[in-house]
Protein chains: 2
Amino acid sequence: MASRENKNGIQQLKSRQVTLSGFEKNYGIELSVDCIIFGFDEEKLKVLLIRSDLTKYSGKWSLLGDLVFPSEDLDAAAYRVLKQRTGLSDVYLEQVSTFGTVSRHPAGRVVTVAYCSLINVQHHKLNILDNELHWHDVKSVTDLAFDHQQIFDTCLMQLQKRVQEHPLGFNLLPKKFSLRDLQNLYEAILNIKLDRRNFRKKFFSMDLLIDLDEMEQDVPHRPGKLYKFNFEKYGKKKKSWVGIDF
Amino acid sequence: MASRENKNGIQQLKSRQVTLSGFEKNYGIELSVDCIIFGFDEEKLKVLLIRSDLTKYSGKWSLLGDLVFPSEDLDAAAYRVLKQRTGLSDVYLEQVSTFGTVSRHPAGRVVTVAYCSLINVQHHKLNILDNELHWHDVKSVTDLAFDHQQIFDTCLMQLQKRVQEHPLGFNLLPKKFSLRDLQNLYEAILNIKLDRRNFRKKFFSMDLLIDLDEMEQDVPHRPGKLYKFNFEKYGKKKKSWVGIDF
DNA sequence: ATACAATGTGTTTAATTTACACAGTAAATG
DNA sequence: CATTTACTGTGTAAATTAAACACATTGTAT
């Protein structure tokens, strides 16, 4: 691939795979994953951040990530980071976007794939022994290290969109939750206020909540009923949605 | 990074960036981009494919892609591929997803970032001199090389979703188009039939089409009026859409 | 002149979304 | 134990949006 830079496109492409098969030259692009780990606690949407260990960004917070191993699937790398940090497996994890600006990392070329993860903060014992690791209210997340602010903003926006179209939010709640919990969650994610009666009507009309015939405990007021989400029923019904609107 | 594989997570992460800064070792993951180039012609949604040059996949069609250069932004690499193939710049291009299964490429580890591109087939003189490069009706795209079928399916689904929420479709049409053109486009992308009157009502009520006071030419029937899309007006109005439904 | 194949337009009905108020219940207080 | 407090739980009317549906008009081709 000596003449890589100056061949015409088709020639170049045709010779690519020949080169690739031999791996004569590696382009030196490092690949990493970054996990944007969301949690819901104290009626607020939180994100898990770690203090940057680069002097350039000392004092700043950054996302949790690591390089991808040569023989590791991308998703597996994201799961690995997640498990290392939270001790959790079997959590919601979704690829969001890949960030590959040449100078995004001060140490050299690193392309990173961002993953959004939603975890239930009750279900885990975080390794927050490490006092460099903290939950942050998403409303106060600013000025992250690297291009992590941009990555975070992208993930939060995608979460806001997707939570309205898919039952992602339940990953952030305990298995049993009240409708108030659910509404608080949506209000925290979307950063808006919703009408309580219409919110209930909406969810009841979807007919995807299972009434557990149990009540909240230890609340300082009239307890609400508890529900769980009917994932099975949701899995069966495929909604093919058509509605042009922009 | 001698002990990379057996350190605990936090230690490992802390040592990562030290290693990175020196680039002592490259993990040997190649990075590529693949462009899913859509066009609209003969009232059909088309995708541009090239014959695979790998013997393993001989006879099969594949997407257009190339390795990313070490000092090239990801988006720039996608633009480069696109320009080489179509001669077009200033076209719609959007990152869709990244595919990184270890064994997705027979020649070794290659992670690829998929980009969706929408081009106006009138506006370009394709280098289809190369008879290995062809437009294919998306309905008949099956059994692509590598994992390209999966990538293609992902991109088509994303296009179907996004075209309903954003004015992407106009990138596939000439600047001047009739409402029938527009409806044909949506029907081709979504693979459904739409009611003509409701379709018109919908678009007129958005008030984003500019009536050009011109008529179609050379049609073998009553000509329709021509419109263009009001990108400027669309850019100004930000719709913050809330509607939980799944 | 006529047949043809489109364009262009409106209304009625159903479905969905929004706005909005009051009674009921458990816990906490004195 | 009576009262206050702070929630839960429910229904209806109005407005908006989406869906179904038919006929007159215009230019082309014969």
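Note that these values count all heavy atoms, side chains included, but never hydrogens, waters or copies made by symmetry. Worth saying up front: this structure is predicted, and the values here are computed from it rather than measured. Lettering of chains follows the sequences in order, A, B, ..., and the numbering in each one begins at 1.
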Hey, what's the ring geometry for A/Y57 with A/F146, parallel, tilted or perpendicular (30° and 60° as the breaks)? tilted
Does A/R162 come within less than 4.0 Å of A/E94, counting only side-chain N to carboxylate O? yes
State plainly whether the residues B/K46 and B/D137 are in salt-bridge range, i.e. N to O under 4.0 Å. no
Between A/I244 and A/S178, just flag the one whose closest nucleotide in DNA chain D comes earlier from the 5' side.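 Its nearest nucleotide lies further toward 5', so the answer is A/S178.
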Starting from the 5' end of DNA chain D, give me the residue, B/R197 or A/N198, whose nearest nucleotide shows up first.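 Going by which nucleotide is closer to the 5' end, it is A/N198.
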5'-most contact on DNA chain C: B/E216 or A/D195, nearest heavy atom basis?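 By nearest-heavy-atom nucleotide position, the 5'-most residue is B/E216.
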Taking for A/M215 and for B/G224 the nucleotide of DNA chain C with the nearest heavy atom, the one nearer the 5' end belongs to B/G224
Give a yes-or-no answer on whether the side chains of A/D34 and A/T112 include a donor-acceptor pair shorter than 3.5 Å. yes
Just by distance, with hydrogens left out, do B/Q149 and B/T142 show a side-chain donor and acceptor under 3.5 Å apart? no
What range of DNA chain D does chain A touch, first nucleotide to last, counting atoms under 4.0 Å from its heavy atoms?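 So the outermost contacting nucleotides come out as D/dC7 to D/dT12.
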With a 4.0 Å cut-off on heavy atoms, is A/R180 in touch with a base, just the backbone sugar-phosphate, or nothing at all?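 If one applies the 4.0 Å heavy-atom cut-off, A/R180 turns out to touch the sugar-phosphate alone, with no base involved.
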Quick one: label B/K201 by what it contacts on the DNA or RNA (base, sugar-phosphate, nothing), any heavy atom closer than 4.0 Å. base
Before we go on, tell me: are the rings of A/H134 and A/W61 under 6.0 Å apart, centre to centre?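 Yes - the distance between ring centres of A/H134 and A/W61 falls below the 6.0 Å cut-off.
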Near-ring test B/F199/B/F204, centroid separation under 6.0 angstrom: no
For chain A and DNA chain C, what are the first and last nucleotides along the strand, 5' to 3', with at least one atom under 4.0 angstrom from a heavy atom of the protein chain?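 From 5' to 3', the first and last contacting nucleotides are C/dT17 to C/dA27.
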In short, B/V242 meets A/Q164 closest at the heavy-atom pair CA-OE1, 3.2 Å
